[in-house]
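To start, the structure under review is shown below, and the notes come after it.
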2 protein chains.
Amino acid sequence: MHKTTVEQWQVLRTVIVSGGYSRAAERLNRSQSSVSYTIAQLQDRLGAELVVVEGRKVRLTEAGAALLRDAAPLIAQFEALEARAGALAKGAQASLRLAIDSAYPKRPLFAVLRDFAERFPHTQVDLVEIIRLGAREARARSDLAIVFQAGDVLEEHRLRDVELIAVAHCRHPLLTRSAAGLTTADLGGHLQVALVDGRDPDRAAGLSGRRFWSVNTLEAAREAVLSGLCFGWLPEETIADLLDAGELRRLPLSFGARRSIPLSLVLADAGTAGPATRALAAMILERDGTRGSHPPSRPAGLIPPDQEGDAGGSGPFAPE
Amino acid sequence: MHKTTVEQWQVLRTVIVSGGYSRAAERLNRSQSSVSYTIAQLQDRLGAELVVVEGRKVRLTEAGAALLRDAAPLIAQFEALEARAGALAKGAQASLRLAIDSAYPKRPLFAVLRDFAERFPHTQVDLVEIIRLGAREARARSDLAIVFQAGDVLEEHRLRDVELIAVAHCRHPLLTRSAAGLTTADLGGHLQVALVDGRDPDRAAGLSGRRFWSVNTLEAAREAVLSGLCFGWLPEETIADLLDAGELRRLPLSFGARRSIPLSLVLADAGTAGPATRALAAMILERDGTRGSHPPSRPAGLIPPDQEGDAGGSGPFAPE
DNA sequence: GTATTTCTATCGAAATTTTCGATGGAAAGG
DNA sequence: CCTTTCCATCGAAAATTTCGATAGAAATAC
């Protein structure tokens, strides 16, 4: 099957870096003859010369140098694998499924995840982003979730609201008119982009016949607005730079120009949650939590009040 | 030192993919007890449970699944390492140093290198790009070289010339004048970009007091022209798309709007060149060689004739 | 419900591999 | 020229791995 072992390569590496069999033997706590035997064995198995002994010095052959360059990262990875195994043996959590609503801003999330990765280097994070993440589906598919609407789960913590802002490209017709306020009626004639989970045919169908286009990702929604094709409500954090640059401008809506999206952090199963899950939850809350954990009350203003509740409704988030 | 071996992980993998110890034993040509022992050993050494036997089925634990996912690519890489070792043992060439003059177009080069990598998967290519690669330095630092000027080496093969074209940004003042021909005198007042090896202070100094800016890379030269700051002579292939798009335009020079750079392929040491070196040489020639190998004649028009030999001289390539 | 098949765990013996200390010879340094 | 340092090799001892046999547990067949 395998002709060589990682250990043999590791011995070779030690011989090279320490500059000789004897020193390597010392460093490896072995006899010199053992090191000699190991190198000889490695070369025999491969049928290739890796080192040449020139008098008192050990030098790599060309092949040896090339192979050791390849082997070095392998050795490191192998040690990392064993380190992870050791951590998991001591009870570390192997992986953590994190589901987030797509409106949740990525930059602070990844800032937290970076810290998390340092504190839990052996726990792998599987991140799933979902358009309108509800608590029920979140619980099914994740250990920890940032959901749009919770309200019926025990371990729930309110996070800072995400602000959606009605924007359009700076040369969009809606903005070339009077600088005065727009009403939702004014929006009717223009194309709006809505963020809709493509796997959900019902929601998508709910938009038919309207002047909605639906997209699947926040990125696409932003581009749709940026192109001038559509207007839409986009999360403030994702377009702050574009607003500053003047490429996008806020729509001067007399009502509903801003909408708050209430997000909550939910532990899928508080009973079995591992230490890494709990720590990540704490880290997210420390950064984004509102002070104190709210009781599971239905968050106010799920869909902000609207004159017609139709034409101007729902922002990039599809109506229910 | 190391607690486990790649072989143990490989056995674990085989157990999982074949769905049992017995089947794995069969596939590995071992006894079932040996497989059982290996898995037990692996788990003992790690102190972690990787698999659980549920009745007749073998299932990975969460830790086992996580670790095996990490181990799988390691196993593959390890086998690749041994495969390479086998190839090198059979005389394959470990590596090949290829030096090219920076004017040589990269796209066809990498097309050739892709084919090369398929035919010689175990030979690593170290590519060095040098601004004005002469034959002497090339020989010192490479097995194979594409040089600007050869003329005194035995194994030399002429390649297709690279065409330098005088260009500027479409809104550059040189282009907003009359559409009629420019003379080199017209260029005097404008900034030219020259490609100069930064490590060569002499060449750089030779430009002082002129309206030259020097850059280190072709990429930078292109951007300098693209920004409208400079005009310059750039290799045709690297700016073909920009010319098509209209961003850059040719300078209507009455003379010297195009310059040919003669390039040659040189084998540094024909005697000791390995099979991969020879094959790559053949592949490059097949693609880019002029018909037949030319005798080592001094290539004509090293620096194309120029009225003044000064203001308009040298293109992006610094004068000697 | 019982018999049969299929599977893994484990045991002792055998085979293989690895390690060790000792020794010899080659090269470098004093 | 002598001493030191270093690697190759040898035989013996130690450790590891493999094997076949067997026992027990779980699924399947009857």
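Chain A is the first sequence line, chain B the second, and so forth, proteins listed ahead of strands; every chain is numbered from 1.
Considering only side-chain atoms of B:Val53, the nucleotide from C:dT18, C:dT8, D:dT17 that sits closest is C:dT8. Of the candidate nucleotides D:dA27, C:dG21, C:dT10, C:dG21 has the atom lying nearest to any side-chain atom of A:Ser31. Relative to the side chain of A:Arg30, the nucleotides C:dT18, D:dA26, C:dT19 differ in distance, and C:dT19 lies closest. Side-chain proximity of B:Val58 to C:dT19, C:dT8, D:dC7: nearest is C:dT8. The side chain of B:Ser33 has D:dA21 as its nearest neighbour among D:dC6, C:dT18, D:dA21.
Within the nucleic acid shown, B:Val35 has no heavy atom closer than 4.0 Å to any nucleic acid atom. A:Ser22 comes within contact range of the sugar-phosphate backbone alone, with a heavy-atom separation under 4.0 Å but no base atom that close. B:Tyr21 comes within contact range of the sugar-phosphate backbone alone, with a heavy-atom separation under 4.0 Å but no base atom that close.
The CD-C1' distance, from A:Gln32 to D:dC10, rounds to 13 Å in whole Å. Nucleotide C:dT19 holds its P atom 11 Å from the CD1 atom of A:Ile39, rounded to whole Å. Taking atom NZ on A:Lys57 and atom P on D:dA8, their separation rounds to 15 Å, with Å as the unit. Following rounding to the nearest Å, A:Arg56 (CZ) and D:dT3 (C1') show an atom-to-atom distance of 10 Å. Distance A:Glu26 CD to D:dT5 P: 12 Å, rounded to the nearest Å. When the P atom of C:dT19 is taken as reference, atom CD of A:Glu7 falls 7 Å away, rounded to whole Å. The separation between B:Leu28 atom CG and D:dC19 atom P is 10 Å, rounded to whole Å. For A:Leu12 and D:dC7, the CG to P distance is 13 Å, given to the nearest whole Å.
In this structure, B:Val147 and B:Ile130 have side chains that are not in contact, with every pair of non-hydrogen atoms separated by 4.5 Å or more. With contacts defined as side-chain heavy-atom distances shorter than 4.5 Å, the pair A:Val51/A:Gln43 qualifies.
Considering only side-chain N and O atoms, A:Arg23 lies under 4.0 angstrom from the phosphate OP1 or OP2 of D:dC6. Contact between the side-chain N/O atoms of B:Ser36 and the OP1/OP2 oxygens of C:dT8 is not found at any separation under 4.0 Å. Regarding contacts with the backbone of D:dT17, a side-chain N or O of B:Tyr37 is found under 4.0 angstrom from either OP1 or OP2.
In this structure, a donor-acceptor pair under 3.5 Å is absent between the side chains of B:Gln32 and B:Ser22.
Where A:Glu54 and A:Ser34 each meet DNA chain C at their nearest nucleotide, the meeting point lying more 5' is that of A:Ser34. Positionally, the nearest nucleotide of DNA chain D for A:Gly55 lies more toward the 5' end than for the other of B:Gln8 and A:Gly55.
Of the residues B:Leu127, B:Asp143, B:Asp126, B:Thr277, the one that meets the side chain to side chain contact (heavy atoms under 4.5 Å, CB included) test with B:Leu98 is B:Leu127. A side chain to side chain contact (heavy atoms under 4.5 Å, CB included) with B:Trp9 is found for exactly one of B:Asp70, B:Thr14, B:Thr38, B:Thr4, namely B:Thr4.
Partners of B:Glu118 by side chain to side chain donor-acceptor pair (under 3.5 Å), not counting sequence neighbours: none found.
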